[in-house]
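Only one structure is covered here, and it is reproduced in the block below.
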Amino acid sequence: MAEAEAEKKEKLTIVVFSGDLDRALAAFMLATTGASMGMDVTMFFTFWGLNVIKKNEGGIGSKGLMRKMLNWMNRGGAKRLTLSKFNMMGLGTWMMKRLMKDVNMPSVEEFIKMAEQMGVKLIACNTSCGVMGVPEKAFRAEVASLAGAAYFLSEARDSKVVLFV
Amino acid sequence: MNADKTLDCVGLYCPMPIVKTAAKIKEMKPGEVLEVVADDKGIKLDMPAWCKSTGNECLGIEESGGEYKVYVKKK
């Protein structure tokens, strides 16, 4: 294993565009599995995907009326994500979370912590942050930094596997 | 088959048995054998694939009563 780690690792880069619970789960399942296979994993969160990595507690602290309204309606946080289908005003999401717990599946919250411990790099898209008025301090501690399209593409170019979720 | 360590993954679905195996193997010495006990059928294909891409050796899978015992030798 130590030798394998000394070699250049294969890269996996995942764009998380969606802020849906189901899609976020799929992204984190692949990220953690990739890390456990010895891959160097980067997750790039953009647009609605920023919701996945916002802090669960506190205000977003955005400036201007429209951005304040946007982040009020679109609060985000791993614990607030909903299903892309059958949300049914939260009932469907609540049921899905029950079912997941029933089979010992980690929540998105747990997946984020696990991913960070496994060395997965979590990056927030700085352009989305600017447009939507999400300051860096609105993100969880697991988020490594903000970066743009050039950073993503340079990672993607070196990656063996690139996914858009 | 004799194993140096055992990892209980009964009741866990993909990707948890693989994630836990990777963490456990990291703690072990080269040449040691890990026995992974799981009841998720997916492990039959997942573990050999994980071994193939990490360079560890999948020594075999024993199946009985809906449980799978997978033996992984650390390289």
Side-chain angles (χ1 to χ4, degrees), chain A residues 1-14 16 21-41 43 96-122 142 159-161 163 165, chain B residues 3-59 61 63 65-75:
Chain A
M1 203 78 179
E3 284 167 41
E5 276 166 3
E7 292 164 21
K8 197 170 181 285
K9 285 185 180 179
E10 284 179 347
K11 282 190 176 190
L12 163 65
T13 302
I14 305 176
V16 184
L21 173 69
D22 32 21
R23 287 172 179 266
L25 277 172
F28 276 104
M29 280 176 66
L30 294 173
T32 50
T33 305
S36 77
M37 292 175 103
M39 296 178 97
D40 186 359
V41 187
M43 296 177 88
M96 186 60 79
K97 283 183 174 173
R98 284 271 313 251
L99 297 180
M100 282 167 50
K101 210 167 200 170
D102 198 44
V103 299
N104 298 308
M105 171 113 159
S107 63
V108 173
E109 182 73 23
E110 288 163 332
F111 262 125
I112 294 175
K113 291 177 184 155
M114 213 192 317
E116 196 231 7
Q117 282 166 10
M118 295 174 82
V120 174
K121 231 186 302 162
L122 307 185
E142 290 89 348
S159 297
K160 195 110 183 186
V161 183
L163 302 168
V165 180
Chain B
D4 299 293
K5 297 266 166 60
T6 297
L7 181 64
D8 181 12
C9 292
V10 174
L12 299 178
Y13 283 90
C14 163
M16 294 316 293
I18 293 293
V19 169
K20 283 181 172 262
T21 299
K24 192 79 182 176
I25 282 282
K26 220 170 197 172
E27 297 168 1
M28 292 168 60
K29 295 189 194 82
E32 282 189 325
V33 175
L34 175 67
E35 174 190 61
V36 182
V37 187
D39 59 353
D40 175 20
K41 203 173 178 181
I43 202 154
K44 283 168 76 179
L45 288 178
D46 275 0
M47 195 61 84
W50 179 80
C51 287
K52 195 179 152 208
S53 68
T54 53
N56 297 293
E57 193 183 345
C58 188
L59 299 174
I61 302 175
E63 189 177 340
E67 266 190 15
Y68 302 89
K69 285 182 178 165
V70 190
Y71 297 91
V72 179
K73 188 176 174 186
K74 178 166 177 166
K75 79 157 179 186

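Every chain is numbered from 1 and lettered A, B, ... according to where its sequence line falls, protein lines coming before strand lines.
Within 6.0 Å of NZ on Lys69(B) lie no more than 12 heavy atoms contributed by other residues, nucleotides or ligands. No more than 12 heavy atoms of other residues, nucleotides or ligands lie within 6.0 Å of NZ in Lys73(B), so this atom counts as exposed by the packing criterion.
Contacts between Met118(A) and chain B at a heavy-atom distance below 4.5 Å involve the side chain alone, from C-beta outward. With a threshold of 4.5 angstrom between heavy atoms, Phe111(A) approaches chain B through side-chain atoms but not through N, CA, C or O.
Closest of all the heavy-atom pairs between Met37(A) and Ser53(B) is CE-OG, 3.1 Å.
Residue with the most contacts toward chain B among Thr32(A), Leu30(A), Val103(A), Thr33(A): Val103(A) (heavy-atom pairs, distance under 4.5 Å).
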List, one per line, each side-chain donor-acceptor pair under 3.5 Å for residues 11-24 of chain B, sequence neighbours excluded.
unit_1: Thr21(B); atom_1: OG1; unit_2: Pro17(B); atom_2: O; d: 2.6

